[in-house]
Structures are given as structure tokens and as C-alpha cells.
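No hydrogens, no waters, no symmetry mates; every other heavy atom, side chains included, goes into these values. Each chain gets a letter, A, B and so on, in the order its sequence line appears, and its residues count up from 1.
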2 protein chains.
Amino acid sequence: PDGFGELDRRAIDTARILAMDAVQKVGNGHPGTAMSMAPTAYLLFQKWLRHDPSDPNWVGRDRFILSMGHSSLTLYVQLYLSGYGLELDDLKALRTWGSQTPGHPEVNHTPGVETTTGPLGQGVGNAVGMAMAARRERGLFDADAAERESLFDHTIWAFASDGDLEEGVSGEASSLAGTQQLGNLVLVYDDNKISIEDDTTVAFTEDVGKRYEAYGWHVQHVDDGEDLAALDAAFAAAKAETTRPSIIVLKTIIGWPAPNKQNTGAAHGSALGDDEARATKEILGFDPEQSFEVAPEVIEHARKVVARGQEAHAAWQKGFDAWKQGNPDGAALLERMRTRTLPEGWAEKLPSWDADPKGVATRKASGEVLAALYPEIPELWGGSADLAESNNTAVKGEPSFLPASRQTKMWSGGPYGRTLHFGVREHAMGAIMNGIALHGGTRVYGGTFLTFSDYMRGAVRLAALMQLPVIYVWTHDSIGLGEDGPTHQPIEHFAALRAIPGLDVVRPADANEVAVAWRTILENNDRPAGLLLSRQNLPVVDRGEFGSAEGTARGAYVLAPASNEASGGTPEVILMGTGSEVQIAVAARERLEADGVPTRVVSVPCVEWFAEQDDAYKNELFPPAVRARVSIEAGVPLGWREFVGDAGRIVGLTHYGASAAYSVLYEKFGLTDEAVVAAARESI
Amino acid sequence: PDGFGELDRRAIDTARILAMDAVQKVGNGHPGTAMSMAPTAYLLFQKWLRHDPSDPNWVGRDRFILSMGHSSLTLYVQLYLSGYGLELDDLKALRTWGSQTPGHPEVNHTPGVETTTGPLGQGVGNAVGMAMAARRERGLFDADAAERESLFDHTIWAFASDGDLEEGVSGEASSLAGTQQLGNLVLVYDDNKISIEDDTTVAFTEDVGKRYEAYGWHVQHVDDGEDLAALDAAFAAAKAETTRPSIIVLKTIIGWPAPNKQNTGAAHGSALGDDEARATKEILGFDPEQSFEVAPEVIEHARKVVARGQEAHAAWQKGFDAWKQGNPDGAALLERMRTRTLPEGWAEKLPSWDADPKGVATRKASGEVLAALYPEIPELWGGSADLAESNNTAVKGEPSFLPASRQTKMWSGGPYGRTLHFGVREHAMGAIMNGIALHGGTRVYGGTFLTFSDYMRGAVRLAALMQLPVIYVWTHDSIGLGEDGPTHQPIEHFAALRAIPGLDVVRPADANEVAVAWRTILENNDRPAGLLLSRQNLPVVDRGEFGSAEGTARGAYVLAPASNEASGGTPEVILMGTGSEVQIAVAARERLEADGVPTRVVSVPCVEWFAEQDDAYKNELFPPAVRARVSIEAGVPLGWREFVGDAGRIVGLTHYGASAAYSVLYEKFGLTDEAVVAAARESI
């Protein structure tokens with residue numbers, strides 16, 4: 001490439017040496033890909049990636065995603081060479097406690113790392129999400145700028161391995177990227193035909209380029225990962241292509257040029273060993289006796305990218321300042337989004353519902369909340385994995401996020417639209433939502449049936465790990481969905497989702513709890529949440545008679561005190577439940593009270609929020625002296641012992657559901673007020 | 001097609017009417033696809049599917065999988081027309097309690113249903129698994145027969161919808177099917193371009209046929225789902241193609257010929273309404289005032305397929321009887337496999353390990369168990385999602401299950417081989433394992449890292465729901481995997497997997513527990529199990545000093561009694577743990593005993609097996625009087641309160657892991673004997 005010389009070649013070989021030595025030092029890790037992808041990564045970081053290493057959060061920067069997170073050294077070494085703050089000692093501390101260089105790249109941990117990767121395929125989904133977010137954000141800030149003329153135009157670059165492209169999640173995301181015509185996305189596929197089980201011929205023989213053509217991508221082939229000129233031309237062509245996402249199918253030899261271990265599974269995931277490292281250094285003209293050898297002129301040369309980045313940034317900044325001047329509203333929105341803060345007064349627009357025994361499905365209430373908030377919070381957007389109407393995720397009259405040519409009779413919209421159509425792709429939806437949240441400050445939600453949270457669990461976990469404020473709208477949240485039967489009826493999902501550290505699982509009991517739940521979720525900007533919503537109508541609780549729905553924000557609250565509490569008495573038994581089962585607890589309370597048993601009902605919409613309350617509140621809600629307790633939830637009992645204690649009883653399900661009307665199922669499966677009353681009597 | 005006439009056309013239209021009426025009657029369901037796929041389904045069941053409706057379990061039968069399970073009527077109506085035992089009343093009872101016709105097809109519930117479908121994409125994975133199993137089983141019974149000459153040769157037919165092919169799991173499975181050159185697999189893709197969000201242009205615009213070409217499939221296009229001749233020719237060509245799997249991209253119009261709702265999302269998932277149903281009946285020449293109208297001559301004609309099936313079966317049976325005669329060993333194996341029983345004496349071959357403080361990783365012990373059992377149990381086979389060496393799932397010297405041309409330097413084998421290579425495709429692995437278990441009596445296992453059980457959870461749930469005896473080898477089961485860091489370290493997975501009804505989650509504490517665990521898992525032939533195995537070495541417990549590993553089979557057992565128990569005393573505290581944390585409990589016990597606290601240690605390898613024990617055993621293990629209890633497990637506390645009670649303490653993790661050596665992590669995260677001792681003192 002223009003301007004590239006001997007020092008660049010040396011820097012690339014230095015990258016290989018460093019990758020090899022870092023793994024060698026700690027004794028484990030993945031050297032091979034970092035060696036063979038060194039030329040591509042170096043070319044990208046030095047020439048193509050628009051970045052300012054002295055400000056890794058520059059709004060105008062390109063993004064780089066290393067989907068094959070195991071090859072973290074591919075990234076760490078470039079962050080070191082580009083002057084992001086990583087130094088040789090950091091590389092020497094690879095994969096050790098407290099280091100800046102953990103086994104897999106972690107966002108918010110190492111400057112320059114844009115997303116946490118490692119679970120294969122996720123990074124491709126993240127990249128697609130970032131490319132979508134970039135378009136949506138451009139629409140929010142600078143919709144009228146000509147193509148490529150906006151300050152908010154930039155490119156999302158991603159590297160992916162064989163394993164990434166074997167995973168279904170990347171296929172889902174890539175298919176959607178084709179539909180979305182994401183011209184700002186460039187994916188480099190490291191086609192080295194080696195994975196942990198060595199030659200991929202045993203499992204992965206498809207024609208990847210052809211598959212991506214089928215998705216509607218721009219496909220290029222570069223047959224030698226060492227051919228910088230060909231790579232450079234491919235990058236140029238990919239960037240010039242603005243109407244489709246680009247993939248570069250790049251042939252490399254893993255572990256190149258290690259004399260014995262190149263092109264083997266052994267080079268993928270283990271240290272090369274002293275002899276092989278030495279031999280490789282000799283081949284590359286390095287001192288075989290030295291480790292972490294970096295010539296001063298090499299690092300000095302490589303780090304000139306900092307000055308170039310600062311220049312680009314400064315030029316951009318001029319335009320940005322002018323834009324700010326001319327767009328005070330846009331600038332204010334951007335500032336809010338950068339800090340993930342909400343506009344003043346937004347929560348006043350939340351709807352509320354009057355008491356209504358016939359009630360409303362909580363999924364429907366959620367849709368009404370969204371409709372009320374859309375005008376207030378422009379950064380809020382979302383959609384569904386092909387269940388818009390069922391999930392109540394599409395706000396009427398809002399444009400779809402679609403290339404103009406993809407509009408249909410039912411969905412109009414445009415490239416800056418707001419309603420997302422993920423297709424039947426829950427896993428990609430999750431990974432894309434993560435990418436959207438990582439890219440900027442929009443607040444994105446995505447819906448599917450609760451039972452299919454299983455399909456997206458890999459991405460949900462990463463949202464929790466990365467503390468991304470994405471919102472899952474999981475409707476049809478129990479056997480209460482009725483006739484679709486056991487494959488669609490979540491039983492274990494309440495517990496299984498509560499198990500994920502850092503995920504808020506919120507299951508409102510009525511429409512007013514839904515409103516407070518949405519408010520609280522949006523107020524939390526540092527973690528994901530899942531809203532578990534009913535298909536069936538749930539009575540709207542009479543808040544004159546019962547406790548305020550405000551209690552939802554504390555995770556649990558007294559919905560109905562025992563009759564003797566007003567006179568200073570103590571409940572004889574506490575009933576508790578979530579979502580659609582709270583009404584059963586309320587009905588059971590009536591019967592118990594009629595029989596002279598002072599009975600309190602606690603609604604528990606969110607276990608995680610309740611766990612954050614102080615002990616005084618916890619003890620007020622569940623006085624330790626009241627040991628007679630019953631929980632009811634249409635799922636596995638797992639977790640409720642913590643609330644009901646040794647003397648308590650748990651009414652739940654330990655088996656799968658069935659296909660029938662929901663009222664029949666509740667009766668047949670013993671989720672009834674009679675059952676709760678009986679359990680209460682046992683517990684007393 | 002040859003021999004098809006007016007009655008067949010009438011039967012097809014009857015199928016449409018029945019689908020429409022059944023949904024109309026219950027008021028919800030999915031009529032549209034059952035209407036438009038009626039010709040294809042009828043043609044398949046009447047002419048191409050080799051089956052004997054009077055014996056739905058005939059070994060020589062083809063298999064039919066309806067991946068789009070929501071269109072259950074596509075199948076139910078053919079089962080009715082073909083004489084499988086379903087009658088009109090069953091169709092009238094669609095989606096109601098106790099009926100033979102639940103919302104989605106359920107295996108072992110309705111004769112003729114081969115697998116439970118509904119969660120999209122799974123059926124495609126099941127079909128690939130069945131096609132693989134058919135090849136492996138042929139290899140076990142009739143390896144030397146010429147192509148297509150074996151009694152065990154048959155075809156796997158599957159229908160899939162847009163949604164099925166949008167899901168990543170189907171892409172993963174289809175890619176592998178291409179690699180495996182599954183010539184016995186025919187997939188019909190119902191290309192109706194409608195999903196719940198109506199016109200799929202908003203989300204699914206790829207060229208599916210081209211994608212399948214990229215996978216190496218034989219691709220055909222039929223442009224009109226009403227063109228029986230074209231369909232017939234396509235089926236013939238697909239069946240003639242034996243070197244590749246076949247896909248038929250079939251254009252249909254959903255809801256055809258409903259005058260207003262055809263070709264809309266509304267026809268997909270709701271009743272058409274009375275007016276539309278009437279209008280459709282008129283178009284088809286049926287009485288608009290009648291429901292469930294079936295002309296006697298139509299049903300009589302359609303059910304002639306029973307006699308044809310019996311003839312085919314009888315002809316096959318002759319060959320089969322001769323084969324049995326000549327292959328007593330094969331016949332005995334087949335009988336064992338049909339009844340899922342194990343050979344006598346097999347368990348005597350299980351290895352055992354001597355006490356060894358340095359120990360052995362439980363994943364390694366598992367590999368040794370497999371090596372010992374392979375000669376004894378020919379129906380046992382399995383592999384890994386590209387982690388063979390890490391999961392210890394490949395038995396040395398065993399052939400890979402691969403077309404000869406796919407062998408590599410590392411893996412030799414053949415079409416009847418035993419080691420499976422799933423590629424980096426956990427979800428497809430799960431769905432394929434289900435298909436394998438459904439197809440015949442082989443016992444299949446599949447490995448990946450425990451954290452990636454998240455990726456395959458959709459399939460694991462279905463295994464549990466279908467009670468399939470598949471085995472998951474989930475290694476690297478905790479932060480004990482060390483340097484790979486939080487993305488790879490399971491924290492919540494113990495609890496999240498235990499939440500799944502019908503799944504046994506087994507986490508052995510040492511090598512000898514592994515052997516008993518494998519034995520018990522193989523003895524259970526009616527449910528899936530996951531083995532959670534360590535990457536790191538675990539001490540082999542001295543079984544002379546401590547309790548026998550036989551206790552593993554009961555799910556929990558006294559590993560070390562308190563010192564005062566021999567003299568009839570009661571422990572002052574009970575420590576319990578699973579897997580790699582049991583050794584910490586043992587170390588804590590030593591310290592407590594040294595301090596004069598009689599301490600019992602209980603190993604809890606499997607909560608589910610323990611739950612099946614009688615109360616006497618449970619109370620013996622955890623005497624109600626001993627309320628001081630501590631659990632230790634390197635995961636979220638969820639679930640342990642049930643064991644430790646109100647007075648107990650739980651030592652676990654409530655946050656994600658980190659990248660460092662495992663010994664550092666255990667120390668930093670407080671998973672230590674000191675912590676257990678402190679917790680015990682608190683609990684006392």
C-alpha cells in the first residue's frame with residue numbers, strides 16, 4: 001500500500017512475535033490467528049480504521065470488532081502498536097489477574113475494545129447492530145446530510161473466524177444485514193480452514209462467499225493474508241460499496257510462519273513451545289533468544305497513527321462544533337445519549353389504568369406505554385423477532401427501520417425508521433441489540449415469546465456481562481398463553497433468567513405495574529432487563545383499595561395488607577406471587593380472611609430490585625416472625641424457598657404445560673386460590 | 001402424478017377445509033399453511049412417504065418431520081386421511097385439553113408424529129439428525145449392503161417454513177448436512193414469503209436456494225404449490241439424488257384459496273372467520289353451511305394408503321426376517337436398541353481410580369469411561385462442537401462419522417463412523433442429537449463448554465420435553481477453567497440447567513463419581529442428562545477413608561461422616577457441595593473437626609436424582625435436627641436454600657468470573673475452606 005515500507009513489514013512481524021511470546025509466557029492462549037491476521041489487522045489500524053487512539057470514545061470513530069475473541073492478541077497488539085495505552089508489560093500480563101489483557105477482549109476494561117467477544121458468532125451480530133445503530137443515529141442527528149457527508153457516517157469493521165461463521169447467530173445477523181443493505185459494514189472472514197479439531201473439512205465445507213452472495217452481500221476474495229496490496233485494494237472496494245455490506249473472504253495460514261505448527265489446530269489454542277517460537281523468530285529475522293523484542297523505531301513508526309488520528313479528529317471536530325452550533329436540539333440529544341440520561345418530565349407521560357376486573361393483558365399495557373413514551377424519548381426504539389403484533393412492540397404510525405425498497409403493504413418506513421424487524425431470529429436480535437447499545441446511546445428493546453428467550457440466551461448473558469441497558473419484551477410468559485402448548489409455554493424461564501447475574505427480570509401483575517416497571521427499567525442505564533408479560537388479560541388492581549403500583553420499583557411491595565394490620569396486628573400468613581398469579585393470591589387472601597386468617601399479599605415483580613432494598617424494608621415486607629408464607633408462580637419452584645423459608649409452601653409447576661385454554665390449564669395444574677389456601681393452612 | 005385423479009384433488013381440498021374448520025371451531029390456531037401445503041403433504045403421504053399407517057413404528061419406514069409445528073394441521077389432516085387412527089372428532093378437538101391434536105405436534109402423544117416441533121428451526125436439525133442416525137444404524141446392521149439395497153435404507157422428509165430457515169439452528173444443521181452429504185434427506189421449503197409480520201420482505205430477502213447450493217445441497221425449484229406434476233417430479237429427483245441432501249424451494253400462497261386472506265400474515269396465525277371460511281368453501285365447491293365435510297368416497301380413497309403401506313411393510317418384513325436369520329447379533333442389537341436396553345455386564349467394564357491427591361480432571365475421567373464402554377455398547381456414539389480434545393469426547397482409534405472424502409490428516413473414518421464432528425454449532429448439535437435419539441436406539445452424546453449450553457438451550461429443552469436419552473458432555477464447568485475469563489466461565493448455568501424439568505444435571509466430584517454418573521445416566525433411558533465436568537484436576541477421593549462413589553447414583557450421599565457419628569452422635573454441621581467444590585468442603589471439615597466441631601460432608605452430584613429418593617434417605621442425609629448447614633458451589637446461590645434451610649449459609653458466586661489462573665480466582669472470589677469454615681460457624 002501507498003506509504004508502507006520496511007518498518008511496516010517489521011511491525012507486522014513484531015505483532016506475530018508478541019502474540020507468540022505473550023502466550024508462551026502465560027503458558028496458554030491462542031497465538032495462531034494473531035500471527036496470521038497480523039498483516040490485516042495492522043493495515044486496518046494503520047490506514048483504514050478511522051480512529052484517534054488518544055480518544056477511544058470519539059463519536060466520529062469507526063468501530064472495530066474482533067468476533068473471534070480468543071484471538072484477543074490480534075487486537076491487544078494493535079492497541080499496543082497504535083498507542084491506545086497498552087504497553088509491553090500489559091502484553092506480558094496476558095490472561096492474569098487484574099491485567100488489561102484478559103483472555104478474551106472485554107469492553108469497559110481495555111481502552112479500544114468495543115465489545116466483549118469470545119462466544120463465537122456474537123461479534124458478527126454486534127457489528128450488524130452497530131451498523132444499524134450508526135444509521136439510526138445519523139437519522140436522529142443529521143438526517144439530511146448527503147451520503148458520506150455526515151459527521152456521523154463511519155464504518156464498522158469486523159474480523160470473524162471459521163467458528164464465528166459456523167455459528168447460526170452470525171448467519172441470522174448476516175442475512176438481516178443483507179436485507180438492511182448495510183453499506184457501512186465490512187466483515188473480514190479469516191478463512192484459514194483450521195479450528196480446534198484441526199482441518200475444518202470434517203465439519204465446515206460450505207462455500208462461504210456464495211452464502212454471503214445469497215444474503216445480498218458484496219463478496220470479495222483475497223487469496224493470501226500476506227498480500228498487503230490485495231488487502232488494501234479489497235478494503236478500498238469494501239469501503240466504496242455503500243449499498244450492501246461487504247465481506248472479504250481472506251485466505252490465511254494459521255500460525256504463519258511457524259515452521260511446524262502453521263496450519264494446524266495446535267497453533268490455534270496452545271502455546272507454540274520454546275523451540276517452535278525460537279524457530280519462528282529466526283525465520284522472521286528476530287533474535288531467537290529474546291522475548292517481546294520490539295525495535296524502538298518500529299514502535300515509534302507504528303505510533304505515528306496517533307498523530308494521524310488526532311488530525312482526523314481535529315478536522316472532524318471543526319465540523320462537529322459547527323453542527324452543534326446549528327443543531328442545539330440534536331446536540332442536547334447527543335449529550336443525553338452519551339450520558340444515557342433521559343429528558344426531564346418524560347415519566348409524566350406514562351399512562352395509568354383505572355381499576356378493571358376484566359382487565360388488560362400486560363403485553364398490551366406495555367404497548368401503550370411505548371406509544372406514550374415514543375414522542376418523549378426519541379432514542380427509544382425497538383421491534384420484535386417477527387411477533388410485532390403479539391409482543392405489542394410496534395408503535396402505530398411509526399416508520400419501520402428499512403431501506404426504502406424493503407417497505408411492504410403493512411410496513412412503511414425508511415433507512416432512519418424506528419420499528420425494527422428482526423425476522424425469526426431471536427439470537428441475532430440479542431446480539432444486534434448489544435451492538436446497538438454499544439454503538440451509541442439509543443435505548444433498544446426487542447420482543448419475542450418468553451420461551452424463546454432460550455434461543456437468545458447467549459446474547460442475553462453478554463448484555464448482562466457488559467452491563468448494557470437493553471430491554472427484552474418477553475410476552476406470552478406462562479401457561480397462560482394457552483393453546484399453543486408445551487413448546488411455547490415457559491415453565492423454567494423465570495428461574496433460569498433470574499439466575500443470570502446482572503439481568504433484571506420483571507414480571508408485572510397488572511397494567512399499572514407495567515408502567516412503573518418500564519419507568520424503572522429505563523431509569524437503570526447500566527444493565528439489561530427482561531419484561532415478562534402476559535398474553536391473557538389480567539385484572540387491573542384497584543389501587544384505591546390496594547397498595548400503590550409504585551411499589552413495583554422496589555421489586556416487591558405490600559399489595560394487600562392483612563385485615564388486622566391497620567390495628568397494629570401482624571399477618572398470620574403472607575402470600576406472594578408474580579405477574580398473572582398475583583390475582584390468585586388476592587383471591588386466596590379473600591377466602592382466608594373470610595375464614596378469619598389475617599392474610600397479607602405481597603406482589604414481587606422483580607426479585608433483583610427487591611434484593612437491592614435495605615434490610616428494614618425487607619423485614620417490613622416479610623417480618624421474620626411471620627413464618628407462614630406461600631408463593632405462587634406458574635413456573636418451577638426454584639428460588640422461592642429463599643422467600644418462603646423452611647415453614648413456607650411453594651405453589652408452582654414441576655412439569656411442562658399442555659395445549660388447552662389457559663383457564664383449563666390453571667385448574668388442571670392446581671394453580672388456584674384453593675391450592676394457595678390449602679398451602680397457607682399447611683404453612684400455618 | 002400417475003394414478004392421481006379427481007378423488008385425490010377432492011381429498012386435497014378436503015384437507016384445506018378441515019384445517020380451516022378445525023381452527024374455526026377452537027377459535028385460534030394456524031390455518032393458512034395447512035391450506036397451501038395440502039397438495040404437497042397429500043402427495044407425500046399418498047405416494048412418496050414409505051409408511052404403514054397401521055404400524056407407525058415400523059423400523060423400515062421413512063420419517064416425516066413438520067418443522068413448522070404451528071402448522072400441525074398439515075400433519076394431523078394427513079394422519080386422519082391416511083388412517084393413522086386420528087378421526088374427525090380428533091380434528092374437532094384441536095388444541096383442547098387431552099386431545100390427540102395439541103397446538104403443536106407432540107411425539108409419543110399422537111401416532112405418526114415423529115418429533116415435537118414448534119420452536120422454529122428445530123425440526124430441520126431433527127431431520128438432519130435422523131438422516132445421520134439412519135446412516136449410522138445401517139452401518140451397525142447392514143454395512144455391506146449395496147446402495148439402496150438395505151432394509152435400513154429410507155428417506156427423511158421434512159417441511160420447513162420461512163421462519164424455520166431464518167433461525168440459525170437450521171442453517172447450522174443444513175451446513176453440516178452438506179458436509180455429511182446426506183443423500184437420504186429431502187427438505188421442502190414452503191417459500192410463501194409470509195410470516196407473522198406479513199410480507200417477509202421486511203426481514204428475509206436472501207436467496208435461500210443459493211444459500212443451500214453454497215452448503216452443497218441439491219436444489220430444485222417448484223414455482224407453484226398447486227402443481228402436483230411438478231412436485232411429483234421434484235420428489236422423484238430428490239429421491240434419486242443420493243450423494244447430497246435435497247431441498248425443494250416450493251412457492252406457495254399461504255391460505256390459498258381464501259379469497260381475502262390468502263397471502264397475508266392474518267392467514268398464518270388466526271382463524272379465517274366465518275365469512276371467509278364460507279367463501280373459501282364455495283370456491284372449492286364445498287357446502288358453505290357445513291363444517292368438517294368429508295365425502296365418504298374421499299376418505300375411503302385416501303385410506304387405501306393403509307393397504308399399500310401394509311403391502312410394502314409385508315414385502316420388507318420378508319427381507320427383514322431373512323436378515324434376522326442371517327444376522328443374529330445384529331438382530332439382538334436391534335432388539336436392544338428398540339427397547340433401549342443395555343447389554344449384560346457392560347457396567348463391569350467401567351474404570352475406577354485409586355486415591356490420588358493430585359487427581360485427574362473429571363473431563364479426562366469421562367473420556368476414559370467412554371473408551372472403556374465403546375467396545376461394550378456399539379450403539380454409544382458422539383462427538384463435540386469442535387472441542388473434541390477439550391471435551392474428551394473422541395475415543396482414540398475410533399473412526400469418524402464422515403463421507404470418505406471428508407477425512408483429514410487428524411480424523412480418518414467413513415460413512416458409518418462413530419466420532420461425530422458437529423463443528424462450532426452447539427444449537428444444531430442439540431437438535432441433531434434429538435433427531436438421532438428419535439430415529440432409533442443409538443445413545444448419542446455431544447460435548448461443548450458448559451457456558452455454551454446457553455447456545456443449545458432451545459434443543460436441550462426439547463430433549464427434556466420429549467424425554468430423549470441424549471447426553472451432554474459439558475466440560476470446563478466453572479471458573480476453574482481459568483484464563484479464558486468471564487465469557488467462558490459458567491456461573492449461572494448450574495441453576496439454570498437444574499431449572500429445566502426432566503433434565504438430569506450431574507456434576508461429579510471426582511473420577512469415581514464420573515464412572516457412576518455415566519453408568520446411571522446410561523441406565524436412564526427416558527430422559528436427557530448433562531455431565532458437568534472440570535477442566536482442572538480434581539483429587540481422587542480416598543474411598544477407603546470416605547464414602548463409596550456408589551452414592552452418586554442416589555444424587556447425594558455422605559462422603560465424610562462427622563467424627564462423632566461412629567459413636568452414634570449427630571453432626572453439628574453439614575457441609576455440602578458439588579464437583580470441584582467438594583474438595584473445599586472436605587478441607588473445611590478437617591479444620592472444623594480439628595476445632596472440635598463434628599462435621600459431615602455430603603457430596604451432591606445430582607439434585608434431580610436425590611429428589612427421587614425416599615424421605616427416609618433424605619432425612620438420613622440431612623437430618624432435620626441439624627440446621628447448621630453450608631453449601632459450596634462455584635455458581636449462583638439459586639436453589640441451595642432448599643438444602644441449607646433458613647439457618648444455613650450458601651457459599652457461591654453472585655457475579656461473573658475473570659481471566660486468571662483458577663487457583664487465583666478461587667482465592668480472590670472467596671471459594672475457600674476458610675470461607676466455608678466461617679459460614680459454618682455463622683450457621684451454627
Side-chain angles (χ1 to χ4, degrees), chain A residues 95-97 102-104 118-120 163 166 168-169 171-172 175 179 195-199 201-207 210-211 214-215 386 388 406 408 410-411 421 423-425 454-455 457-458 465 483-485 487 492 495-496 499-501 636 638-639 641-642 645-646 655-656 659-660 664, chain B residues 95-97 102-104 118-120 163 166 168-169 171-172 175 179 195-199 201-207 210-211 214-215 386 388 406 408 410-411 421 423-425 454-455 457-458 465 483-485 487 492 495-496 499-501 636 638-639 641-642 645-646 655-656 659-660 664:
Chain A
R95 296 164 72 91
T96 59
W97 179 260
H104 294 82
L120 290 170
E166 285 175 81
V169 61
E172 291 177 12
S175 175
T179 297
S195 61
I196 291 180
E197 295 188 3
D198 206 76
D199 187 334
T201 298
V202 296
F204 192 46
T205 56
E206 61 172 69
D207 181 339
K210 186 167 182 176
R211 170 153 67 98
Y215 292 145
D386 194 47
R406 304 294 196 204
T408 63
M410 186 174 284
W411 304 102
H421 303 283
V424 191
R425 304 183 184 102
D454 280 349
Y455 274 44
R457 206 171 155 92
L465 182 59
E483 292 83 353
D484 272 340
T487 56
E492 70 277 26
I500 298 179
V636 294
L638 189 64
R641 184 62 59 195
E642 204 67 56
D646 290 351
H655 55 75
Y656 292 102
S659 171
V664 174
Chain B
R95 295 164 73 90
T96 59
W97 178 260
H104 294 81
L120 291 170
E166 285 177 80
V169 60
E172 293 177 10
S175 176
T179 297
S195 62
I196 292 181
E197 294 187 5
D198 207 76
D199 186 334
T201 298
V202 296
F204 191 47
T205 56
E206 61 172 70
D207 181 340
K210 188 167 180 175
R211 171 153 67 95
Y215 292 146
D386 195 46
R406 304 295 197 205
T408 63
M410 187 173 283
W411 304 102
H421 302 283
V424 191
R425 305 183 183 102
D454 280 349
Y455 274 45
R457 204 170 157 94
L465 182 58
E483 291 84 352
D484 273 340
T487 56
E492 70 276 27
I500 299 179
V636 294
L638 189 63
R641 185 63 61 197
E642 204 67 56
D646 290 351
H655 55 76
Y656 293 103
S659 171
V664 175

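A salt bridge is absent between B:R425 and B:D386: the closest approach of a Lys/Arg side-chain nitrogen to an acidic carboxylate oxygen does not fall below 4.0 angstrom. A salt bridge does not link B:D646 to A:R641: none of the charged nitrogens lies less than 4.0 Å from a carboxylate oxygen.
Contact count against chain A (heavy-atom pairs under 4.5 Å) is highest for B:A499 among B:A496, B:P102, B:A499, B:G171. Taking B:H104, B:R211, B:H655 one by one and counting their heavy-atom pairs under 4.5 Å with chain A, the maximum is reached by B:H104. The choice from B:V664, B:D198, B:D484 that makes the most heavy-atom pairs within less than 4.5 Å of chain A is B:D484. Contact count versus chain B (heavy atoms, under 4.5 Å) is highest, among A:E206, A:K210, A:E642, A:R95, for A:R95. The most heavy-atom pairs under 4.5 Å with chain B, out of A:D207, A:T96, A:I196, come from A:I196. Here B:L465 is the residue among B:L465, B:L120, B:D199 with the most heavy-atom pairs under 4.5 Å with chain A.
Separating the OH atom in B:Y455 from the OH atom in A:Y455 is a distance of 15.5 Å, to the nearest 0.5 Å. To the nearest 0.5 Å, atom CZ of residue A:F204 and atom CZ of residue B:R406 are 12.0 Å apart.
For the residue pair A:D454 and A:E492, the shortest heavy atom distance occurs at OD2-OE2, 4.2 Å.
Heavy atoms closer than 4.5 Å to chain B are found in both the backbone and the side chain of A:S195. Within the 4.5 angstrom heavy-atom criterion, only side-chain atoms of A:V636, from C-beta onward, approach chain B. Using a 4.5 Å cut-off between heavy atoms, B:T201 contacts chain A through both its backbone and its side chain.
A:W411 contributes no side-chain N or O that, together with a main-chain N or O of A:H421, makes up a donor-acceptor pair within less than 3.5 Å.
Side-chain atoms of A:Y656 and B:I500, non-hydrogen and from C-beta on, do get closer than 4.5 Å to each other.
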